[in-house]
Engineer: 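Please read through the structure below; I'll follow up with questions.
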Amino acid sequence: MSDPIKPVIVGATPAGARPDEDLLEGLNPQQREAVTYRGQALLIVAGAGSGKTSVLTRRIASLLRGREAWPSQILAITFTNKAAGEMRERVEQLVGDSARGMWISTFHSACVRILRREAEQFGFTKSFTIYDSGDSRALIKRLVKQHEADAYGLTPAAVQGKISKLKNELADAESYARTANLSDPAERLFVEIFGDYQRELQKANAFDFDDLIGQTVFLFRAFPHVADVYRRRFRHILVDEYQDTNHAQYALIHELTRPVVGAASEPYASGGMMIFEADQAPELEGASLTVVGDSDQSIYAFRGADIRNISEFERDFPGAKVVLLEQNYRSTQNILSAANAVIGHNFDRKDKKLWTDVGEGEKIVGFTGYSQHDEAQFVADEVETLRRGGLDYSQMAIFYRTNSQSRALEEILIRAAVPYKIMGGTKFYERAEIKDALAYLIAVANPADEMAMRRIINRPRRGIGDVTIETIARYAADEQITFRDALANATSLGVGPKIQTAITHLDAVLVEAAEIMLPASGEVAPPTSVADGLNVLLNKSGYRDALRASKDAQDEARLENLDELVAVAREFARNNPEGTLLDFLTEVSLVADADDLDDASGSVSLMTLHTAKGLEYDAVFLTGVEEDLIPHRISAGEPGGPQEERRLFYVGITRARKRLYLSLAMTRAQFGEVSVAMPSRFLQEIPVDLMHWRQSPGDVNSRGGTQSRALNARRGFSGGSGGGRYGDDLVPLPRREKPAGDLSQFANRIPAKVRDNGDMVLGPGDRIRHDDFGEGRVDAVTGEGAKRVAHVRFDSAGAKKLLIKIAPIEKL
DNA sequence: AAGCTTTTGATTTTT
DNA sequence: TCAAAAGCTT
């Protein structure tokens, strides 16, 4: 490598000894190659569980230890903050403090860092705010209404989706207009809305998530001397989960890895654009690029990820080296064989076979329930069995395709007193009260952001409705001032005295908070200023008072959430003593839920298959393995849909280390209707001998299913002859057109409503009757208050744990 | 402007 | 089913 800035360190490693010998310890030959290869471009095709994070972190460490790069010359990009945090931690373990100077971050936060520095180059200020999808939807909704576009079938959601898609392709309103069919009035309207949306963002000094990437690319292309600054700085770029990159992200990487042309030794010298002769030799060759990915795990095409970025890497970067990691260090061979078999049904992919040397392991367990509750009961029972066998709850996970499936699982888990935690789900920062509080902060940090102002102007209720808001907006437009500044002239707005007072008061509160959080230039705000300012805003605006006065029980929780946010601000100040209000807002906008993962200790994790990517568990329950669920019904119509669903299923399977359970239900209540479900086609793609069906779809079908599982729970092993051989002959699929009369037999045995046994007293020796499990004897009672759990040995259904308060039981 | 009732319609998700 | 959004009333 002709790296001109290669540092030479006195007293470096003695000649001959490899400085990175320990970094290669325990690595297989392919992994070693991935760590040590040096060249312009390297693609690491890393199958599931093949130790890619280890390879990536060691590669970085090896670059640093070999003095091939300064920390500041390394840019490592991941998709989530969690992944970035983990990577930083692991690099730190290898190289210590020097990890600090590196940029290890997500695409989005890397772009924010760049944009904050360069925003003034193109009409934004450093204090720009970031619109999340909710913010942009609100804005688009307003624009759709303004243009009366719903008459043409342009819903806010559709417009938002289309704009996002276009931005991921680096298109803007003008370039799209050139290709669009403008004789279609809906198209014309869309182009107008797109244009307006962009103008509104600019006016609000804001970027949406897609802009963070797209505008950075724009910046680099429009101002080559700016791009050169970053090209000089980042000499080694590493991208994780490359199969999930969209076109804009791809373009960003491309821009950053371009050679630096010309003699611009003073990058900002001329300010304008510099034209160079084409034949000029590059002053500095492009940065080295390492990407890691697995096209079989690409499950985000629906949000713009372009699988071609990885499949055509070698074409995009000629001379690229490709390293294939196929040895799996996570799962048993049975699990891997199932995964290989399933993914093998996808055509148009490079063949790749995961293998392991840990042995076959347990068979994959299959189970078919009569209803989703029945299925859930199986999962809960099995979780308990594993727990009794010594497996910690935190080593088990339950996956499902759609969030709505979690409900039935939760109901049963609560009853069975199994501690669980839902990953993903509603996010803290998406709660209304948190968004309100943040809008107050934004109103202070970026007064140009009208969205934030509109959000808070009537929260708490100040009697300001649409009419008044439009009056203010019109006044601001007439006077050529911002919405925020218009508030200072409440008397000139021509609104009622009551409203005038309210507006003046809000203005005063914002001013007071600004004095706390935004000190005069030259001064530095004390670290606590954000938390203090936030408290001022929440208290003096009357926001907290309104919640306290409310009789809605949820509002108490909202107050607690606000306290939590203040605590987050304090914590932020502790970790970033120099952190400003803007830094805090950036972190909060870009960081989803900080440490969801660590909280899961001692509980079973529930999550969607998408959320499961990148995680691993000893025991995995993949539930709802039914047609129309996985593959999801809607995916059938989309190009590449079924294949992506198969990859999703593959991702789910490969999360399991030792035990994998595939379960489904014969009937599923969806949208209030009970419908018959068919086993997923993916089940048939798993070789029969890898699976052991506790209850196969055939069993359930032949029996007609009037019994709830609870009554025949001990029947268990259906093996031997007959129904248990699902897969030999093609599955006896239940017919969809089954008469509705039959369905009632499957109706949920478990009522959706939670019953309350009040303070029923139970003790060891008591006999009880359970709606589903029949009679049994209490062995012991543990826990306290509402969480008392009875350990019951049922006469026919075996041992169960029951939450006394809500279990459908009576004392005999 | 705010509170009520009716209607609608419903993957997957990180930033 | 069930929550959110739209529509309607006061």
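Everything quoted here is computed from the prediction, not taken from an experiment. When reading the values below, keep in mind they use all heavy atoms of this one structure, side chains included, and skip hydrogens, waters and symmetry mates. Protein chains get the first letters and strands the later ones, always in sequence-line order, with residue 1 at the start of each.
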Engineer: Name all residues meeting the side-chain hydrogen bond (donor to acceptor under 3.5 Å, both in side chains) criterion together with A:Glu410; count only those two or more places apart in sequence or in a different chain, and write none if there are none.
Structural biologist: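 Checked A:Glu410 against side-chain hydrogen bond (donor to acceptor under 3.5 Å, both in side chains); matches are A:Tyr420.
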Engineer: Tell me, please, which residues at least two apart from A:Phe124 pass ring pair (Phe, Tyr, Trp, His ring centres under 6.0 Å).
Structural biologist: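 A:Phe124: ring pair (Phe, Tyr, Trp, His ring centres under 6.0 Å) contacts with A:Phe122, A:Phe207.
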Engineer: Can you sort out the partners of A:His254 under ring pair (Phe, Tyr, Trp, His ring centres under 6.0 Å), two or more places apart, ordered by chain and number?
Structural biologist: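 A:Tyr250, A:Phe317.
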Engineer: Kindly write out the residues that satisfy ring pair (Phe, Tyr, Trp, His ring centres under 6.0 Å) with A:Tyr131, not counting sequence neighbours, or none if the list is empty.
Structural biologist: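 A:Tyr131 satisfies ring pair (Phe, Tyr, Trp, His ring centres under 6.0 Å) with no other residue.
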Engineer: Check the interface with nucleotides 8-11 of chain B: list each N/O to N/O pair with the protein under 3.5 Å, or write none.
Structural biologist:
| unit_1 | atom_1 | unit_2 | atom_2 | d |
| --- | --- | --- | --- | --- |
| B:dT11 | O4 | A:Glu638 | OE1 | 3.2 |
| B:dT11 | O4 | A:Glu638 | OE2 | 2.9 |

Engineer: Scan nucleotides 2-5 of chain B against the protein and return all N/O pairs shorter than 3.5 Å with their distances rounded to 0.1 Å.
Structural biologist:
| unit_1 | atom_1 | unit_2 | atom_2 | d |
| --- | --- | --- | --- | --- |
| B:dA2 | OP2 | A:Asn458 | ND2 | 3.1 |
| B:dG3 | OP2 | A:Arg461 | NH1 | 3.1 |

Engineer: Side chain of A:Thr611, heavy atoms from C-beta onward: which of B:dA1, B:dT15, B:dT13 has the nearest atom to it?
Structural biologist: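 The closest nucleotide is B:dT13.
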Engineer: Take N1-N3 plus N6-O4 or O6-N4 for Watson-Crick, N1-O2 plus O6-N3 for G-U, both under 3.5 Å. Which runs of 3 or more such pairs involve DNA chain B?
Structural biologist: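 Detected stem regions: B:1-10 with C:1-10.
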Engineer: Please tell me which of the listed nucleotides, B:dT15, B:dT13, C:dC2, lies nearest to the side chain of A:Arg407?
Structural biologist: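 Closest nucleotide to the A:Arg407 side chain: C:dC2.
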Engineer: For A:Tyr197, what residues pass the ring pair (Phe, Tyr, Trp, His ring centres under 6.0 Å) criterion, not counting sequence neighbours?
Structural biologist: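 Partners of A:Tyr197 by the ring pair (Phe, Tyr, Trp, His ring centres under 6.0 Å) criterion come out as none, since no residue qualifies.
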Engineer: A:Ser164: what forms a side-chain hydrogen bond (donor to acceptor under 3.5 Å, both in side chains) with it, not counting sequence neighbours?
Structural biologist: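 With sequence neighbours excluded, A:Ser164 shows a side-chain hydrogen bond (donor to acceptor under 3.5 Å, both in side chains) to A:Asp210, given in chain and number order.
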Engineer: Who are the salt bridge (charged side-chain N to carboxylate O under 4.0 Å, His left out) partners of A:Asp507, not counting sequence neighbours?
Structural biologist: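 Here the qualifying residues are A:Arg484.
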Engineer: So, using side-chain hydrogen bond (donor to acceptor under 3.5 Å, both in side chains) as the criterion, who are the partners of A:Asp296 when residues are at least two apart?
Structural biologist: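 side-chain hydrogen bond (donor to acceptor under 3.5 Å, both in side chains) list for A:Asp296, sorted by chain: A:Arg349, A:Lys352.
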Engineer: Classify the side chain of A:Ser133 and the base of B:dT15 as holding, or not holding, a donor-acceptor pair under 3.5 Å.
Structural biologist: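 Looking at the base of B:dT15, it does pair with a donor or acceptor on the side chain of A:Ser133 (distance under 3.5 Å).
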Engineer: Mind checking side-chain hydrogen bond (donor to acceptor under 3.5 Å, both in side chains) for A:Asn246 and listing every partner two or more places apart, or none if nothing turns up?
Structural biologist: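 Per chain and number, A:Asn246 pairs via side-chain hydrogen bond (donor to acceptor under 3.5 Å, both in side chains) with A:Asn168.
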